[in-house]
Amino acid sequence: MTINHHPPEDLLADFAAGRLDDADRLVIGVHAAQCPRCRRFIAAIEQLAGAALEQANPVSMADNAFATLMARIDEPAASPPATASSRSVQPLDDDLPEILRSCRFGKSRRVAPGVKLQPIILPDTDKSRAFLLWSAPGTRMLEHTHTGTELTLVLKGSFSHEGGEYRPGDFDFGDGDVDHQPIVGSDMPCLCLVAMSGDLKLHGWLGRLISPFVRL
Ligand SMILES: [Zn+2]
């Protein structure tokens with residue numbers, strides 16, 4: 001796997017320091033599990049933080065970010081016990097990265113023509129939410145910006161926008177400054193893992209017309 005697009009360094013540092021909420025941490029964690037370069041960066045930050053802590057006072061270091069992430073995902077959700085129906089929801093794709101295989105999934109729904117969304121149920125998602133996004137080959141997403149942040153990791157297939165082409169393992173960061181219109185590769189469907197805070201803002205008359213119907 002050749003990875004060309006990585007998370008910004010401040011996000012990796014926040015991941016290492018345990019400052020991300022569960023949805024963002026999940027996306028960074030799945031990317032880092034596939035990306036030796038980002039794992040090295042996270043380990044270096046953890047080492048620096050550990051050295052600084054040791055000098056400050058002799059407290060024991062917290063577990064590293066990966067172990068914490070895995071432990072958090074393995075914890076049962078704080079919500080009421082799952083009913084038989086919510087436990088049995090299968091992910092949109094049965095060949096997911098290891099970290100995602102232990103997640104619980106909500107019911108998938110169609111959000112636009114050729115686009116399906118499946119929520120991932122995490123213990124602590126007050127700020128952002130995580131979901132799988134499946135798009136049919138050649139889907140042209142509407143031009144949009146964000147009121148919050150959008151962290152996207154390609155799991156299968158590809159999409160492209162003015163930032164370049166994004167293939168499996170590639171990470172894309174979007175916020176209010178980014179105005180983009182991704183187009184899904186024509187050869188196969190695209191499956192992405194997304195963490196999103198805030199809302200999408202769609203542009204143009206078509207965007208305004210359909211935005212009440214496009215719920216992400
Ligand atoms: Zn990376």
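Note that ligands are numbered from 1 as they come in the structure, with each ligand's atoms numbered from 1 the same way.
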Original post:
Is any side-chain heavy atom of E165 less than 4.5 Å from a side-chain heavy atom of S158?
Top reply: yes
Original post:
F171, L191: one ILVMFWY side-chain cluster at the under-4.5 Å cut-off?
Top reply: yes
Original post:
What's the verdict on ring pair (Phe, Tyr, Trp, His ring centres under 6.0 Å) for H161 and Y166, showing C-alpha distance, side-chain angles and the deciding distance?
Top reply: CA-CA 8 Å; H161 57 58; Y166 294 76; 5.0 Å; yes
Original post:
Do the non-hydrogen side-chain atoms of F131 and V111 ever get within less than 4.5 Å of each other?
Top reply: no
Original post:
Backbone N or O of S128 within a donor-acceptor pair of the D24 side chain at under 3.5 Å?
Top reply: no
Subject >> Under-2.8 Å protein N/O/S neighbours of the Zn ion (ligand 1), ordered by chain then residue number >> reply: H6 ND1, H31 NE2, C35 SG, C38 SG
**OP:** Could you check if a side-chain atom of L151 sits within less than 4.5 angstrom of a side-chain atom of L11, using non-hydrogen atoms only?
**Re:** yes
